[in-house]
Structures are given as C-alpha cells and as structure tokens.
Amino acid sequence: MSLLVTIDTNPDFPPKEGRPTPERLISGDPSFKTWAQDASRQDKVLTGVWEATPGETHSIKGTTYEFCHLISGLVEIEEKGGETKTYRAGDSFVMKPGFVGIWRTIETVRKIYVCVYE
C-alpha cells in the first residue's frame, strides 16, 4: 500500500449523496455529494471531494478539525459571534474543533476536504 495518495477532483465513481438534517437546514434545498478517497488511522483521518448545491445550513464541527480547498463555487461562512468570510475557487481554510456558524453555498461548491476526528 502506497503512502502517497492522489486526490481526484473529478472522480469517475458514484458519490454518496445526502441532504442536511432538518435541524441543520436554515434555507434553500441543498444537496450534498461526497467522493471519499482515503481513510487513515482507523477512519479518524478522512480525505476526499465534497460538493453542495446552494442553500444555508448550520455548521457545527464539535471535535472535528477540517481543512478545505475550494475547487469551484462560492461560499460565505459566518462564525457565531464573529465575522462572515467569503471563499471561492482556489481558496483554502480550516474550521477548527469547536467551530459553530452558518455555511452559505452561494454557487454550487466543490472542495477537497481533510477531516481529522478525535
């Protein structure tokens, strides 16, 4: 098994599809697609590609650390008690454990993610 993993930003296998839970949905009718591409350390480190259509949801990280790199699209992320930041294709950011806020997908977004779970 190789210790070098290439993340395919346009995977040719079917994604896992989903929608936000009712308690997370704020507005719109967003749908999600996840192309999981690597799991390490007993599934505590997950990497892949995620896509969301426009809508607004509560984002609650709990004990999860998440790195994101946007491949396409436009989002606004409003941290509870903080400012709202806009991210677009080419931007990268981290949501640290304890993050609580609002995720607004303005234009369908696709990102590479790395999630680290406790």
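From a predicted model like this one, the values you see are computed outputs, not experimental measurements.
Annotation: the span from Cys68 atom SG to Ile77 atom CD1 amounts to 6.5 Å, rounded to 0.5 Å.
You'll find the side chain of Thr53 stays beyond 4.5 Å of the side chain of Thr105, heavy atoms only. Residues Thr47 and Val5 fail the side-chain proximity criterion, which asks for heavy atoms closer than 4.5 Å. Residues Ser59 and Ile102 have side chains not in contact (no heavy-atom distance under 4.5 Å, counting atoms from C-beta outward). Between Val75 and Thr86, the closest side-chain pair of non-hydrogen atoms is not below 4.5 Å. Using a 4.5 Å heavy-atom cutoff, the side chains of Ser40 and Asp38 are in contact. When side chains are defined from C-beta on, Pro15 does not count as touching Thr34, because their heavy atoms never get closer than 4.5 Å. In this structure, Leu46 and Gln37 have side chains that are not in contact, with every pair of non-hydrogen atoms separated by 4.5 Å or more. Looking only at side-chain heavy atoms (C-beta outward), Val109 and Trp50 come within less than 4.5 Å of each other.
Checked for salt-bridge contact, Lys111 and Glu66 meet the test: a charged N lies under 4.0 Å from a carboxylate O. Checked for salt-bridge contact, Glu78 and Arg104 meet the test: a charged N lies under 4.0 Å from a carboxylate O. Between Glu17 and Lys33, no side-chain nitrogen of the basic residue sits less than 4.0 Å from a carboxylate oxygen of the acidic one, so the salt-bridge criterion is not met.
Met95 is connected to Tyr113 through a chain of hydrophobic side-chain contacts under 4.5 Å among Ile, Leu, Val, Met, Phe, Trp and Tyr, so both are in one cluster. Linking ILVMFWY residues whenever their side-chain heavy atoms come closer than 4.5 Å, directly or via other members, leaves Tyr117 and Ile60 in distinct clusters. Linking ILVMFWY side-chain heavy atoms closer than 4.5 Å, directly or via other members, places Tyr65 and Val114 in a single hydrophobic cluster.
Ring geometry for Phe93 against Trp103 counts as tilted: the plane angle lies between 30° and 60°, on a 0 to 90° scale.
In Phe99, the CZ atom is crowded: over 12 heavy atoms of neighbouring residues, nucleotides or ligands sit closer than 6.0 Å. Other residues, nucleotides and ligands place more than 12 heavy atoms under 6.0 Å from the CD atom of Glu23.
A donor-acceptor contact closer than 3.5 angstrom is absent between the side chains of Thr63 and Glu118.
Remark: the backbone N or O of Leu4 is paired with a side-chain donor or acceptor of Ser2 at under 3.5 angstrom.
By the 6.0 Å and 45° rule, Arg110 stacks over the aromatic ring of Trp35.
Among all heavy-atom pairs drawn from Val49 and Ile71, the shortest one is CG1-CD1, 4.4 Å. Annotation for Ala89 and Ser72: closest pair CB-CA, 3.8 Å, computed over non-hydrogen atoms. Taking both residues in full, the closest heavy atoms of Tyr87 and Ser92 are given as CE2-O, 4.3 Å, listed atom of the first, atom of the second, then distance.
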